[in-house]
Amino acid sequence: MTDATPAARSRRAGRSNPPWYLLIAPAAVAVVMLVPLVYLVVRATEADAATLAALVLRRRNLELLGNTLLLTGGVVAATTLIALPLAWLVVRTDIPAVRLVTFLGVLPLSVPGYVMAYALLSLGGNYGFLARVLGIVVARPAGYWGALAALTLYCFPYVFLNVRASLAGMDASLEESARSMGYGHREVLRRVILPHLTPALFSGWLIVAIYVLGDFGAIALMRYEVFSYAIYTQYSGAFDRTYAAWLSLMLLALAMVPVLLEGRLLRGARYARTGTGVARSLRRIRLGAWKIPALFFVAVVVTGSIGLPFGILAYWLSVRPPWTELARVGQAFLYSAGAAAPAAISTVLVALPIAYLRVRHPSPLSHTAERLAYVGYALPPLSLALAMVFFSLRLARPLYQSLPLLVVAYMISFLALAMGPIRASLLQAPRRLEEAARSLGFSPFAAFVRTVVPLLRRGMFASTGLVFVVAMKELPIAFLLAPTGYVTLSLAVFSRTSEAMHVEAAPYAAAIVLFSSLFVGLLLRHEGKE
Amino acid sequence: MTLSSRSTYGWTAALLLLLLTALPVAAAGRAEPGAAEPAQRELTIYSGRGESLVAPLVESFESKTGIRVSIRYAGTAELAVLLAEEGTRTPADLFWAQDAGALGALSGEGLLADLPAHLYEALPDIYRSTTGRWLATSGRARVLAYSPQRVDETEFPESVFDLAAPEYRGRVGWAPTNGSFQAFVTAMRVVHGEAATADWLRAMQANDVQAYRNNTTQVEAIAAGEIDFALVNNYYLLRFTAADPGYPVDQRFFADNDIGNLVNIAGLGVLRASRRTDEAIAFAEFLLSHEAQAYFTGTVYEYPVRADVDPDEQLESFETLLDASPRVDLDALEDLEGTLSLLRETGLL
């Protein structure tokens, strides 16, 4: 503190103490994320050493882990190859029907994993769509490539949403000054645009990677054997919680590697606009003759990610028209929305102060709180739900299997989803604006609401949409924690597919997709002027 | 900026409004035990069986008895784990499971109450537990599904053990992660011993057996032409052919008493912690009634547990099923950890 150079002084000012109320959210998150960890450790210590060794230290775990990592890497790469160009097209070029293309780029998120896997599987084979309609027999996708395709097709919007929010908020003057210094297109892309996209890319990758690490459904339908197999069979095959807890902790440890790595890579990065507070919109690049390949690319992505699942849903619906089911579907929708909407809104409200602290008041506490947000997302949902059962039965019995508890469980599970877009927008919001508002006599809170919140709009909308759509599809947590008799759309779907009644499940699956897309459409419409 | 922030608030307010309207609707769906008239009799069921199957039965039960039923639908395995975690604090009165293993596991943890003998006395051995803590509500036979186009009449194996022979190389499917397959492996261990079962599992792997997710996906794989035979439960194919009579898959039993024809069950147990055992037993009686048994077999093609209810015409007769099925103590099927260890040792999990 004896250092009195102006630079050091300004550094200190940057780390000024945040208002106390901002610390509530990170402190709460730190405590809440510990709940499932404590539970898993409690269960894990019940293990018997010999059985444990046979289960944890076997060679096959390495094979399964290897498969998991290969798939995770593949899906991260493939989603980027789709999402990056797509985001660039909708933000930076004069591609026609921008809003529609953007909407279609987010929509696959609403597709339940099993629908995507079934859509791919029912194309090929002797009795598949292509064979019966066109007379062409192609092999059904399976194994690594099948799993890669299915996951990529409904996960790429995570990266797309993050990158798009970041691209749209980028300051025009940076790119212009780079050009004025003689950089060409390629160099501007490499030296200016891509580095500024790193936080958004990282958070998108992280979400996709952790999702792939934990997914069981679509991967199992594609017959690819990964580590989540082991966890799933431990719960479902042996009705066992002890060794499943060990496997869950192993998965969590694995998932925390990229989480910590990302935190390290992003530390100290600065992306705020340097010019005046308001970002000038960039001139959109004229595609000219490139319009055709660009539209072709969009068409291919949309056909795969939306055409296929919509096709199979339409087929199932045509086998048995859903009219008699509509009343039940409507009720199930209200239940789903009744959990997903409060979960989405409250998750974003919690994510906001955490992201804000992380960006404006970097400290070990804010950094830890932000990283801890990923614990909930990385835990197998069934383990998380069991932890909530364990604690609520002991400490908050009246809340057990109540809607508020379900919403809290969703918040724990999905907080990480909300962090990315908000953080990316915050990183770009200039600190000076807030400082100016403060100097005009506004309280820190008022300054924040008046200057930063408007700039966070896009990020907050993206986060709300993400959490809502994912909560609409969620299953294992609702299994255990939804109020008894509270049959949401996703529970209704499961309750039919588990009896091999895909046709009967279709109206509910279609309702998930329909209502999620309506919600996404509404958000995009209101998120701001293009 | 003012304009844009105003519309942000407007939009947030709209969302909150939506939320406020959705919440009461949602809350209304939650059964508040005891909150209604004090005389209302109630029952809470955890059901591993699907809603489309269960809901009509429950409506009929409610109108007959006046007992109000709340149901939690989820996977049988998830519910079994949930019940174990809840222990004596469970709000559930009755657990309706898709397989005997889950019931056996809960019974083993001491969570299930003894059932009154009148419920199960009349049931054949294959449909009840020697512990008297759970009983079958319907039977589900393991069968060999096959492709009628690609399988010749002379090719049918006598026993599930024959599938390790060279002529079936690469043509057979199974589902190592699936509960009904694991129950079958457990039964094989009980009847034929650990060594014979391990040998068979290894021989099948050496014979390039194809692993699938579950029963349904195996039936679909036969239709798709990936495999010619599959080890599945009997009712899945019939659910496919009900929607599509031309579905290109057929099924049959192995020779009588072969372990490949294991009859597993869907069944129920009453929670020891329940204070509404009368209502739970009334529900059990209802599921064993003529009406409910006829409904099971007619709607989901499972075997009735009563001899006086005819199985659906696409199923075998009650006597044929009893002849075909091996004699296995269903309570022994709870040793799932042993089966999982074996499946792990043989590299299947």
Side-chain angles (χ1 to χ4, degrees), chain A residues 54-55 58 60 121 124-128 137 140 220-221 223 229-230 232-241 319 334-335 337-339 341-342 345 382 386 389-390 393 400-403 450 453-454 457 476 479-480 483-487 491-492 494-496 498-501 503-504 526 528, chain B residues 1 4-5 7-8 11 15-16 18-19 22-23 25-27 29-31 44 49-53 70-75 77-78 80-82 84-86 89 91 102 105 177 179 182 211-213 215-217 220 223-226 236 239-240 243 248 300 336-337 339-341 344 347 349:
Chain A
L55 187 70
R58 65 200 186 115
R60 183 151 158 90
L121 284 171
N126 292 350
Y127 207 62
V137 177
R140 299 196 305 169
L221 282 173
R223 308 174 55 212
Y229 245 63
Y232 176 82
T233 47
Q234 198 59 27
Y235 277 125
S236 74
F239 311 111
D240 163 74
R241 291 162 290 148
V319 172
L334 287 179
Y335 283 156
I345 293 165
L382 192 56
L386 282 172
V389 171
F390 180 86
L393 277 176
Y400 185 59
Q401 291 181 346
S402 69
L403 191 59
R450 281 169 185 257
V453 168
R457 208 176 144 86
F479 272 165
L480 270 53
T484 298
Y486 194 92
V487 182
L491 284 174
F494 169 83
S495 171
R496 286 161 181 75
S498 68
E499 305 268 358
M501 297 173 165
V503 168
E504 285 80 356
H526 286 83
Chain B
M1 196 154 67
S4 76
S5 57
S7 76
T8 306
W11 179 232
L15 272 177
L16 285 172
L18 171 86
L19 168 69
L23 269 177
V25 182
R30 193 189 167 209
T44 299
R49 308 234 51 184
E51 186 189 16
S52 50
L53 165 74
S70 323
I71 310 188
R72 166 174 305 274
Y73 296 103
E78 284 87 349
V81 175
L82 173 62
E85 194 63 69
E86 289 176 339
R89 296 177 174 88
T177 55
Q182 290 167 357
Y212 287 86
R213 164 88 178 85
N215 293 291
T216 324
T217 47
E220 287 162 346
E226 286 172 7
Y236 289 103
R239 291 175 195 172
F240 279 96
V300 283
L336 283 158
E337 194 47 67
T339 296
L340 289 191
S341 311
R344 265 185 227 117
L349 289 184

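Below, chains carry the letters A, B, ... as their sequence lines are ordered, and counting in each starts from 1.
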Counting only heavy atoms closer than 4.5 Å, note whether [X] contacts chain A via side chain, backbone, both or neither.
{"X": "B:Tyr236", "answer": "side chain"}
{"X": "B:Arg239", "answer": "side chain"}
{"X": "B:Ile71", "answer": "backbone"}

### Side chain / backbone / both / neither for A:Phe239 at chain B, heavy atoms under 4.5 Å
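Both backbone and side chain.
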
### Task
Below 4.5 Å from any heavy atom of chain B, which atoms of A:Leu221 appear? Answer side chain, backbone, both or neither.
both

### Task
Begin with the C-alpha distance, continue with both residues' side-chain angles, and end with the deciding distance and a verdict on side chain to side chain contact (heavy atoms under 4.5 Å, CB included) for B:Glu85 and A:Leu393.
CA-CA 10 Å; B:Glu85 194 63 69; A:Leu393 277 176; over 6 Å; no

### Task
Show your reasoning for whether side chain to side chain contact (heavy atoms under 4.5 Å, CB included) applies to A:Tyr400 and B:Glu86.
CA-CA 10 Å; A:Tyr400 185 59; B:Glu86 289 176 339; 2.3 Å; yes

Heavy-atom pairs under 4.5 Å with chain B, option from [options] with the top count:
{"options": "A:Arg241, A:Gln234, A:Arg496", "answer": "A:Arg241"}
{"options": "A:Val487, A:Val137, A:Asp240", "answer": "A:Val487"}
{"options": "A:Gly124, A:Ser495, A:Gly125", "answer": "A:Ser495"}

### Summary
CD (B:Glu226) and OH (A:Tyr127) are apart, to the nearest 0.5 Å, by 15.5 Å

### Message
Rounded to the nearest 0.5 Å, what separates atom CZ in A:Arg58 from atom CZ in B:Arg344?
### Response
6.0 Å

### Task
Just jot down the side-chain contact (heavy atoms from CB on, under 4.5 Å) partners of B:Glu220, sequence neighbours excluded, or say none.
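A:Tyr118, A:Arg140, A:His502, B:Thr216, B:Thr217, B:Phe240, B:Tyr247.
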
### Query
Considering only heavy atoms from C-beta outward, does the side chain of A:Tyr235 approach that of B:Glu78 to under 4.5 Å?
no

### Query
Would you call B:Glu51 and A:Leu491 a side-chain contact if the rule is heavy atoms closer than 4.5 Å?
no

### Message
Checking B:Val81 against A:Leu386 for the side chain to side chain contact (heavy atoms under 4.5 Å, CB included) test, could you report, in this order, the C-alpha distance in whole Å, the side-chain angles of both residues, the deciding distance, and whether it holds?
### Response
CA-CA 8 Å; B:Val81 175; A:Leu386 282 172; 3.4 Å; yes

### Task
Kindly indicate, with the supporting measurements, whether the criterion side chain to side chain contact (heavy atoms under 4.5 Å, CB included) is fulfilled by B:Thr44 and A:Gln401.
CA-CA 13 Å; B:Thr44 299; A:Gln401 291 181 346; over 6 Å; no

### Message
Just so I understand: if I count every heavy-atom pair under 4.5 Å between each of B:Ala224, B:Ser52, B:Pro91, B:Ala105 and chain A, which residue has the most?
### Response
B:Ala224

### Summary
Of the listed B:Ala80, B:Ala102, B:Gly179, B:Ala243, the one with the largest count of heavy-atom pairs under 4.5 Å with chain A is B:Ala102

### Query
Looking only at atom types and distance, does a side-chain atom of B:Arg72 sit under 3.5 Å from a main-chain N or O of A:Phe479, one as donor and one as acceptor?
yes

### Query
Is there a donor-acceptor pair closer than 3.5 Å between any side-chain N or O of A:Arg223 and the backbone N or O of B:Ala211?
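Side chain of A:Arg223 to backbone of B:Ala211: a pair is present.
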
### Query
How far apart are the closest heavy atoms of A:Ser236 and B:Thr177, and which atoms are they?
OG-O, 4.4 Å

